[in-house]
Amino acid sequence: MTDAFSGRNPYLRTYSNTFGNVDEMVILRSFELTARRFRSKLLRLVDDLAAGRIDVKAFTTSSSRLLRTEFGIAYALGALSISPFHTLAVRDIRVIDGELQEERAFLRSFAKDLDRGFVVLDPVQRAGLYLQALRGMFELGRIEALPAGPYDWNLSDTEHCLECIEVSGGGPYQKTPTSGLGIPPLPGIPGSGDVCRGLTRCGCYITLSGIPTPHVNLEREIRNVLAEVLHDTS
């Protein structure tokens, strides 16, 4: 534990070349700290914009920067939960950037709505949607660190939507359309909102040829952590 954390920065040092044999609780704690920091800073930006201390441009710039940092950490933690020595490569950066493009558009819309006082959804709840998206980034990192496949989409003990039920019966799948296994690509990633109507509340999980992926319990624990942080009133 002492090697994974440092005094001023309590986050998992995903860049360390001595990192390995990561403990599941270290990943979970690092994810929780990331989620709490993300929530705190985003809500502070929301307050600053509402109070007129910053303008829409400053909000969009700062929140986009915050999004990139925290999404990147969540992604890296997911990858490390599969491969302890995973190093972010150009492909990883492209994948993260692709996820950020749409989120930035939502942030700009969020800022404009706040600035003109047009609030359909409570700002705290709306900010919480970005917090929940951390799970999708974590799961995306896990997938990217896994081999080409084949994968099965599995239903857990949660309530299932029709889309997830259909996907669970449609496998096996390969990771991407170009994975070369001659089978359909994964239609999405559990917890990312690609498939499930429950979005990040999706309880599904994937297995590699029927074999559970490393630290499979993290998929459930991450959901629990986000629910706790989301409803934290402190």
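Index from 1, following the sequence.
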Legend entry - Same cluster (ILVMFWY, side-chain, under 4.5 Å), Leu100 and Ile189: yes

Inset, instruction - Return the minimal non-hydrogen interatomic distance between Pro150 and Ile183, and the atom names on each side. - result: CB-CD1, 3.8 Å

Legend entry - Sub-4.5 Å side-chain heavy-atom contact between Arg37 and Thr69: yes

Legend entry - Joint hydrophobic cluster, Ile93 plus Val95, side-chain heavy atoms closer than 4.5 Å: no

Legend entry - Arg36 CZ to Leu226 CG distance, which is reported to the nearest 0.5 Å: 10.0 Å

Legend entry - same_hphob_cluster(Phe71, Ile82) at 4.5 Å side-chain heavy-atom cutoff: yes

Inset, instruction - For residues Pro185 and Thr176, determine if any side-chain heavy atom of one lies less than 4.5 Å from a side-chain heavy atom of the other. - result: no

Inset, instruction - For Tyr205 and Pro212, indicate whether the former's side chain and the latter's backbone hold a donor-acceptor pair under 3.5 Å. - result: no

Legend entry - Transitive ILVMFWY side-chain link Val216 to Leu208, under 4.5 Å: no

Legend entry - Atom pair OG/CG of Ser63 and Leu49 - distance to nearest 0.5 Å: 9.0 Å

Legend entry - Under 3.5 Å donor-acceptor, Arg39 side chain and Val229 backbone: yes

Inset, instruction - Supply the atom-to-atom distance Asn224 CG to Arg135 CZ, rounded to the nearest 0.5 angstrom. - result: 10.0 Å

With a cut-off of 3.5 Å and sequence neighbours excluded, list every side-chain donor-acceptor pair involving residues 138-149.
residue	atom	partner	partner atom	Å
Arg142	NH1	Ser81	OG	2.8
Arg142	NH1	Pro214	O	3.1
Arg142	NH2	Thr213	OG1	2.7
Arg142	NH2	Pro214	O	2.9
Glu144	OE1	Arg91	NE	2.8
Glu144	OE1	Arg91	NH2	3.2
Glu144	OE2	Arg91	NH2	3.1

Inset, instruction - Nearest 0.5 Å please: distance from the CG atom of Leu67 over to the OG atom of Ser62. - result: 12.0 Å

Legend entry - Nearest heavy atoms of Val195 and Val167, plus distance in Å: CG1-CG2, 3.7 Å

Legend entry - Gap between atom CG of Leu80 and atom CD1 of Ile73 - 0.5 Å precision: 11.5 Å

Inset, instruction - Please check if Leu181 and Trp153 belong to a single hydrophobic cluster, counting links between Ile, Leu, Val, Met, Phe, Trp and Tyr side chain heavy atoms closer than 4.5 Å. - result: no

Inset, instruction - Verify side chain to side chain contact (heavy atoms under 4.5 Å, CB included) between Met137 and Glu70, making sure each step is shown before the conclusion. - result: CA-CA 9 Å; Met137 292 303 297; Glu70 310 308 344; over 6 Å; no

Inset, instruction - Determine which pairs satisfy salt bridge (Lys or Arg N to Asp or Glu O under 4.0 Å) with at least one residue from residues 52-66, sequence neighbours left out, and list them in order. - result: Asp48-Arg53

Legend entry - Interatomic spacing from CG in Leu77 to CG in Leu218 - rounded to 0.5 Å: 9.5 Å

Legend entry - Closest approach of Ser179 to Gln174 (non-hydrogen atoms, all atoms of both residues): CB-OE1, 3.6 Å

Inset, instruction - Without swapping roles, check the side chain of Thr34 against the backbone of Ser30 for a donor-acceptor pair under 3.5 Å. - result: yes

